[in-house]
Novice: 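The structure that follows is given in the form of structure tokens.
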Amino acid sequence: MNIIVTENDVAIHYEVSGRGYPLILLHGQFMNVTMFNEFETALKENYQLIKIDLRGHGYSDKPFKIRMEDYMEDVLTVMDELLIKQAHFLGYGLGGMVAEAIASSYPGIVQRLILVTVGNEPFNVSEDKFQAQYSNILRTMKPEKRQKFLEEYMYHDAKKVNKWKKSLRDTGTNLTKRERTAVNHSTEGIDLLSSAHHITAPTLIISGKHDELIKPDNGYTLSKEIPTSFHYLYENSGHAPMIEEQERFLEDIQTFLSTETQV
């Protein structure tokens with residue numbers, strides 16, 4: 001287990017595998033580094049994979065207050081430890097927001113950027129709006145049935161996604177209320193869309209057509225703000241296109257990372 005401590009004394013867990021140009025993988029909210037295990041075999045032959053548990057997640061420390069700048073510090077600290085000056089970035093959900101923030105704040109260190117189902121507003125705001133759409137139905141349901149109901153509107157193939165989720169390390173169940181609240185509010189007040197024009201890295205944005213949590217319009221709008229960007233809409237996916245259309249996903253990202261970009 002690799003642990004590095006930030007300047008503010010927060011322990012960050014990360015894993016390294018493969019060889020080649022560094023590819024930093026950043027997980028979604030309340031997930032951890034194991035979400036990328038599904039793709040490790042396919043990617044590690046050509047890339048050095050750096051998987052990072054952002055603070056509040058996985059085996060990293062779980063402070064009671066987290067800001068976007070803190071997540072960025074986690075990533076930059078690991079990069080410094082590994083002597084990485086520049087890398088490709090792939091982020092899903094929250095991890096995509098962190099990767100986007102780094103790319104706009106420190107454009108020189110991001111070679112290529114892949115953003116998967118990334119919203120243009122704080123995640124808890126998107127989640128509240130999503131649940132509000134079905135509030136009249138949800139209020140009559142038992143709590144244990146609500147999540148299953150919502151998943152039908154988040155994913156195109158909920159069965160496949162849930163099977164994948166069961167394979168992940170469970171590091172979220174035992175979070176305290178304060179730890180969970182810190183993560184839920186960690187993206188409050190941020191406006192990444194207004195700074196997206198500072199991103200100089202070629203950027204691939206992937207959205208799922210059936211995602212009602214982070215609707216595809218988010219990806220389309222973002223692509224208009226990033227100078228060198230491409231927006232791919234996955235027709236048979238919801239909020240987890242990397243799982244719901246895994247073969248296409250791996251082909252698309254490997255092609256994007258390995259070829260010259262022309263706009």
Novice: If you count the non-hydrogen atoms of other residues, nucleotides and ligands that lie under 6.0 Å from CG in Asp191, is the total more than 12?
Specialist: yes
Novice: Ring centroids only, cut at 6.0 angstrom: are Phe36 and Tyr92 within range, meaning strictly under it?
Specialist: no
Novice: Please report the interatomic distance CD1(Ile226) to CG(Leu115), rounded to the nearest 0.5 Å.
Specialist: 6.0 Å
Novice: Describe, in one word, how the ring planes of His57 and Phe30 are oriented to each other, choosing from parallel (under 30°), tilted (30 to 60°) and perpendicular (over 60°).
Specialist: tilted
Novice: What do you reckon, is CZ of Arg169 surrounded by more than 12 foreign heavy atoms closer than 6.0 Å?
Specialist: yes
Novice: Within a reach of under 6.0 Å around CZ of Phe130, are more than 12 heavy atoms found that belong to other residues, nucleotides or ligands?
Specialist: yes
Novice: Using a strict cut-off of less than 4.0 Å between a Lys/Arg side-chain nitrogen and an Asp/Glu carboxylate oxygen, indicate whether Asp61 and Arg55 qualify as a salt bridge.
Specialist: no
Novice: Side chains of Gln133 and Tyr153 only: does a donor on one sit below 3.5 Å from an acceptor on the other?
Specialist: no
Novice: Would one find more than 12 heavy atoms of other residues, nucleotides or ligands at under 6.0 Å from atom CZ of Phe149?
Specialist: yes
Novice: Could you label the plane-to-plane angle of the Phe230 and Phe256 rings as parallel, tilted or perpendicular, counting under 30° as parallel and over 60° as perpendicular?
Specialist: perpendicular
Novice: Output the distance between atom CD1 (Ile50) and atom CD1 (Ile84), rounded to the nearest 0.5 Å.
Specialist: 3.5 Å
Novice: Inspect the contact between Glu45 and Arg19 and indicate whether a charged nitrogen and a carboxylate oxygen are less than 4.0 angstrom apart.
Specialist: no
Novice: Is the distance between the ring centroids of His88 and Tyr21 under 6.0 Å?
Specialist: yes
Novice: Do Ser207 and His231 have side-chain N/O donor and acceptor atoms under 3.5 Å apart?
Specialist: yes
Novice: Verify whether one side chain among Asn236 and Lys209 offers a donor that lies under 3.5 Å from an acceptor in the other.
Specialist: no
Novice: Heavy-atom count check: over 12 atoms from other residues, nucleotides or ligands less than 6.0 Å from Glu188 CD?
Specialist: yes
Novice: Distance to the ring centre below 6.0 angstrom and angle to the axis at most 45 degrees; does that hold for Arg248 and Tyr234?
Specialist: yes
Novice: Would you call the rings of Phe39 and Phe249 parallel, tilted or perpendicular if under 30° counts as parallel and over 60° as perpendicular?
Specialist: tilted
Novice: Can you find a side-chain donor-acceptor pair between Thr34 and Asn32 that sits under 3.5 Å?
Specialist: yes
Novice: If you compare all heavy atoms of Met35 against all heavy atoms of Met242, which two are closest, and at what distance to 0.1 Å?
Specialist: CE-CE, 3.8 Å
